[in-house]
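Worksheet: one structure, shown below.
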Amino acid sequence: MVGCGGLTEIVDIMKRTGAEDLGDFYPIRPDCQADTPKPRFKPRAGKTLSERRWNAAFSEDGHLDIEKVLRRIQRGGVHPAIKGSVWEFVLGCFDPNSTYEERNQLRQCRREQYIRWKAECQHMVPVIGSGKLITTPIITDAGQPVIDSAINSCFSDKRSIQWMLALHQIGLDVVRTDRALAFYESEKNQAKLWDILAIYAWVDNDISYVQGMNDICSPMVILLENEADAFWCFERAMRRLRENFRCSASSMGVQTQLSTLSQVIKTVDPKLHQHLEDLDGGEYLFAFRMLMVLFRREFSFVDSLYLWEIGFS
């Protein structure tokens, strides 16, 4: 899943060598090494949720002792070898009280639903699911194709037009997402992220797509090999975060959080708050992006995942 050999092979190598270099899980492109911050998070024996403790937290039929798992995550995060599986529970994809069989059935149903949505989108825009992505407009505001082969026919309904108008912006954001990671040197992996975001934008007609969702979705694409599973993990994350992306002419999605941050800083560090006021930063708009995408761009990839795990659990 990560790198040429996949996550499974990397895990096997680490088990044989005893290595704990997180760069083996999330390799950085050689040309980005110098400019990429070094992660501060490292798995800690006895604190980080390990693969052994994760497996031991399940009963014989599959019930998960979620309280024990969450306590371990709070103490030291999740080992990279099991992040994808753990995140599915932490984000609420699965009920800890469910059995292995119940989860298998639910996973299969979700995968089939995702395939139906993807086919629906692919029928309108054939490039979806092709391993390619779009970075230029394919349709005019009136619903006419810019390139004849880009869409299957002309569209007049508002939902289809608005969705297609967003596709090239999704593509532009995707090619800028986590560019330092070797994972996204592959166009196939970029296209996987684009497909998920495009299909989510079609399904969530209310919010559709807003810049920053790419930063939220990217870890799911990297951690979960199956595209449908990554989509549902992203969908669950968006249930918590979608209001961050709801903006209008009179309000921003994170406005309440910005106000709360202002009050916290004013109480904890009045001098800093006054300094920001003097700089005309009292509304804390500088923190807009930080809060919207949960500090994805302020920390290294590894550290942002650790921060999310603590916050989500």
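Remember, it's a predicted structure, so these values are computed and weren't measured experimentally. Atoms considered below: every heavy atom in the structure, side chains included; atoms not considered: hydrogens, waters and symmetry mates.
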Before giving the answer on side chain to side chain contact (heavy atoms under 4.5 Å, CB included), spell out for F245 and I216 the whole-Å C-alpha distance, their side-chain angles and the decisive distance to 0.1 Å. CA-CA 11 Å; F245 298 94; I216 303 297; 4.0 Å; yes
Is there a side-chain contact between N189 and V221 (heavy atoms, below 4.5 Å)? no
Minimum-distance pair of heavy atoms, taken over all atoms of L193 and S218: CD1-N, 4.0 Å
Looking only at side-chain N and O atoms, does H273 offer a donor or acceptor that is under 3.5 Å from a partner on Y284? yes
Side-chain donor-acceptor contact under 3.5 Å, E283 with S262: no
State yes or no: do L258 and L272 share one hydrophobic cluster built from I, L, V, M, F, W and Y residues joined by side-chain heavy-atom distances below 4.5 Å, directly or via other members? yes
Under 4.5 Å between any side-chain heavy atoms of D178 and Y26, yes or no? no
If we only count heavy atoms from C-beta on, is the V175 to L133 side-chain gap below 4.5 Å? yes
Under 4.5 Å between any side-chain heavy atoms of P219 and W308, yes or no? yes
Which heavy-atom pair separates R297 from G212 by the least distance, and what is that distance? NH2-CA, 4.4 Å
Do NZ/NE/NH1/NH2 and the carboxylate oxygens of D173 and R176 come within less than 4.0 Å? yes
Between Q162 and S208, is the side chain to side chain donor-acceptor pair (under 3.5 Å) condition met? List the steps. CA-CA 9 Å; Q162 291 301 314; S208 185; over 6 Å; no
For W54 and W87, what are the C-alpha separation, side-chain angles and deciding distance, and is it a ring pair (Phe, Tyr, Trp, His ring centres under 6.0 Å)? CA-CA 12 Å; W54 170 246; W87 276 36; over 10 Å; no
Any side-chain donor near an acceptor of the partner, D61 and T99, under 3.5 Å: no
Applying the 4.5 Å side-chain criterion to the ILVMFWY set and letting contacts propagate, would L305 and L307 be lumped into a single cluster? yes
Just one of R103, K83, R236, R107 clears the salt bridge (Lys or Arg N to Asp or Glu O under 4.0 Å) bar with E88, so which one? R107
With a cut-off of 3.5 Å and sequence neighbours excluded, list every side-chain donor-acceptor pair involving residues 197-205.
| residue | atom | partner | partner atom | Å |
| --- | --- | --- | --- | --- |
| Y200 | OH | D204 | OD2 | 2.7 |
| W202 | NE1 | E120 | OE2 | 3.2 |
| D204 | OD1 | D206 | N | 3.3 |
| D204 | OD1 | I207 | N | 3.2 |
| D204 | OD1 | R242 | NH2 | 2.8 |
| D204 | OD2 | R242 | NE | 3.3 |
| D204 | OD2 | R242 | NH2 | 3.0 |

ILVMFWY cluster, F288 and Y209 together (side-chain gap under 4.5 Å): yes
Determine whether L106 and L64 fall in the same hydrophobic cluster, where Ile, Leu, Val, Met, Phe, Trp and Tyr are linked whenever their side-chain heavy atoms lie under 4.5 Å apart. yes
Apply salt bridge (Lys or Arg N to Asp or Glu O under 4.0 Å) to R71 and list each qualifying residue two or more places apart in sequence or on a separate chain. none
Would N244 and V210 count as a side chain to side chain contact (heavy atoms under 4.5 Å, CB included) if you check the C-alpha gap in whole Å, the side-chain angles of each, and the deciding distance to 0.1 Å? CA-CA 10 Å; N244 283 6; V210 179; over 6 Å; no
If I compare all heavy atoms of D303 with all of P39, which pair ends up nearest, and what's the gap? OD2-CA, 3.6 Å
Would you call the rings of H79 and F25 parallel, tilted or perpendicular, where under 30° means parallel and over 60° means perpendicular? perpendicular
Is a donor from one side chain sitting under 3.5 angstrom from an acceptor on the other, for D229 and Y114? no
Verify the ring-centre separation between W117 and W232: is it less than 6.0 angstrom? yes
Side chain to side chain contact (heavy atoms under 4.5 Å, CB included) evaluation trace for R240 with F312: CA-CA 9 Å; R240 302 187 184 200; F312 286 143; 3.3 Å; yes
Taking the side chain as every heavy atom from C-beta outward, state whether I134 and W194 have any pair of such atoms under 4.5 Å apart. yes
Are M290 and Y306 linked, directly or through intermediate hydrophobic residues, by side-chain heavy-atom contacts shorter than 4.5 Å (ILVMFWY only)? yes
